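Below you'll find the structure, written out as structure tokens, and then a few comments.
Just so we're clear, the structure is a prediction, and the values are computed from it rather than from any experiment.
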Amino acid sequence: MSEIGAVVMKNIFSRDRLMASMNEELSYPFIDAKEVAEKLALVNEFGQQESGGFSRPPFGEQEILAHNRFKEWLKELGLDVHEDAVGNLFGRWEGEDPSLPIVLTGSHLDSVPHGGAFDGPLGCISSLLAVKALKASGYKPKRSVEVVVFRDEEGTRFFNGLFGSRALMGEITAESLHQFVDDNGISMYDAMEKEGYLPKEAASCYRDPKTIECFLELHIEQGKKLEQQQKKIGVVTGIAGPSWRTFTFHGSTDHAGNTPMNSRKDSVAAAAEWITEIEKLPALFSETAVATVGRMVVTPNGTNVISGHVEADVDVRDIDASARDRLVEEITKKAHEIAEKRGLTVSVKDGVTVDPMLVPDHIQSWIQEAAEQVKVGSMKLHSGAGHDAMNIGKYTHAGMIFVPSVNGKSHSPEEWTTLDDCVIGVKVLSEVIKKASEQ
């Protein structure tokens, strides 16, 4: 075991640590805090790394194991369980009037590399346990309620994020699945087919938005606002839309010792200059815009070799689609300017682009009222992170509930939300599901 793996770290997820954060006085009928902790721990048995984080790439062994475990929980709850052609998982609780548009609720189980224990799994487990609590209370929904686990929300393996919800909304074709390839050369199509799914029937995943009354997703905030304002529930007003691009700088591979500095076409140096410029640009377009270069591939990646090829992924987001798109144009312009100045060329490949999503006022009100009913403080805020809710929200109503993230940490082994805040989230979600199902 590595030195990191041998150290017991206070800020790493474990069931015992989560239980230690429980307030015995916090109790809601039919919601068991120990079950919340247990199920989070059971999902996170899969993909745990020595770093303390979790790696569950979509359609990989660890994500599939977590997916199958969750499927068993849906069955144990007595829900009607099925998977669609691309592996989205559903558990249906039949309402009094099955002909009415449904209430859909859930999240995802895949993770970023060395990610946290709560991003995605908490949303899935909260939906499961909210439905369980409502069933145990004897409540019978007017509308049917479906718990969903979407596939490949993060997009870190095939660079095709928010995938499952896009498939549900009819935005995916079988042909497009061949275009998305992981670092081992495996296409999304082949990975899905290998695991027994039916990528050639991707179009069959489409669900008419008219059959969905609303989609509700609970998620950790992944920011510090709730913690700073000492609020337990975030009422999400909207979600910033991401736009991904892959930029490739094409230079010349040369010897690091024998090539003079003024004769180089160094793709790493060009990319570095460009990345430095990107940091300055968002503020010129919007107060809420952000831009991140989170992934780079250097070729040939040798210590004594001048790189001739650098591939870099850019993630640009804003709640204002127009400002975001202008920012993407400026980033692209800067890449070409820097490449030309240095005697290189640059190519650009479009990735996922999703429009920002605004949450309807009536769903915001439901969440605020539920927080008041549970006697916890809430506040309105927008999400800078992308979520499956934004895809559903393009076609029908969608809303999000945030619970606090300690120190704002996310996509990190240090990601943390106290058990009390998890339980409060389950309770608030259950009340919102109940409200939505009565409409």
Side-chain angles (χ1 to χ4, degrees), residues 22-23 25-36 39-40 77 79 91-97 100-107 118 122-148 212-221 226 230-237 359-381 383 387 389 392-393 396-404 417-439:
M22 182 176 71
N23 176 4
E25 296 180 1
L26 180 70
S27 177
Y28 301 113
F30 311 111
I31 297 175
D32 184 352
K34 293 180 181 178
E35 184 177 13
V36 176
K39 281 185 162 47
L40 273 167
L77 191 51
L79 305 184
R92 182 182 178 95
W93 180 21
E94 199 75 273
E96 292 179 342
D97 188 347
L100 290 174
I102 67 163
V103 176
L104 187 65
T105 180
S107 195
F118 299 85
L122 180 59
C124 294
I125 290 166
S126 294
S127 293
L128 175 81
L129 296 184
V131 168
K132 182 176 182 178
L134 289 170
K135 288 190 72 176
S137 73
Y139 176 74
K140 181 68 173 178
K142 178 181 176 182
R143 300 177 184 275
S144 297
V145 178
E146 287 191 35
V147 178
V148 60
I212 302 173
E213 175 66 18
C214 65
F215 173 62
L216 303 171
E217 182 173 9
L218 181 140
H219 207 278
I220 58 171
E221 181 193 351
L226 289 173
Q230 298 184 331
K231 303 294 185 183
K232 294 298 185 182
I233 293 295
V235 181
V236 178
T237 59
V359 176
D361 290 341
H362 70 277
I363 295 184
Q364 293 184 45
S365 296
W366 292 348
I367 299 169
Q368 283 184 297
E369 291 166 6
E372 291 170 5
Q373 184 175 346
V374 179
K375 295 183 171 55
V376 295
S378 67
M379 65 178 288
K380 292 188 175 184
L381 72 175
S383 174
H387 301 283
I392 312 299
T396 187
H397 299 150
M400 291 197 73
I401 301 167
F402 277 173
V403 292
T417 295
T418 68
L419 183 55
D420 285 356
D421 289 342
C422 294
V423 172
I424 290 169
V426 174
K427 178 60 177 175
V428 169
L429 178 60
S430 72
E431 295 299 330
V432 179
I433 290 172
K434 185 176 180 180
K435 184 72 173 181
S437 68
E438 293 170 347
Q439 301 306 304

- Enter the distance from Leu129:CG to Glu35:CD here, rounded to the nearest 0.5 Å. 5.0 Å
Under 3.5 Å, is there a donor-acceptor pair between the side chain of [X] and the main chain of [Y]?
X	Y	value
Ser107	Gly123	no
Glu146	Thr105	no
Asp421	Val403	no
Lys140	Glu94	yes
Thr237	Lys380	no

- Message: Hydrogens and angles aside, do Gln368 and Ser378 bring a side-chain donor and acceptor to less than 3.5 Å of each other?
- Response: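 Looking only at side-chain atoms, Ser378 and Gln368 do not form any donor-acceptor pair under 3.5 Å.
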- Query: Do Arg143 and Ser437 get their side chains close enough for a donor-acceptor pair, meaning under 3.5 Å?
  - Reply: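 There is no such pair between these side chains.
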How about [X] and [Y]: do any of their side-chain heavy atoms sit closer than 4.5 Å?
X	Y	value
Ser383	Phe402	yes
Thr396	Phe215	no
Ile401	Leu216	no
Trp366	Cys214	yes
Val423	Leu419	yes

- Salt bridge flag under 4.0 Å for residues Lys435 and Glu431: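 The answer is no: the pair does not qualify as a salt bridge.
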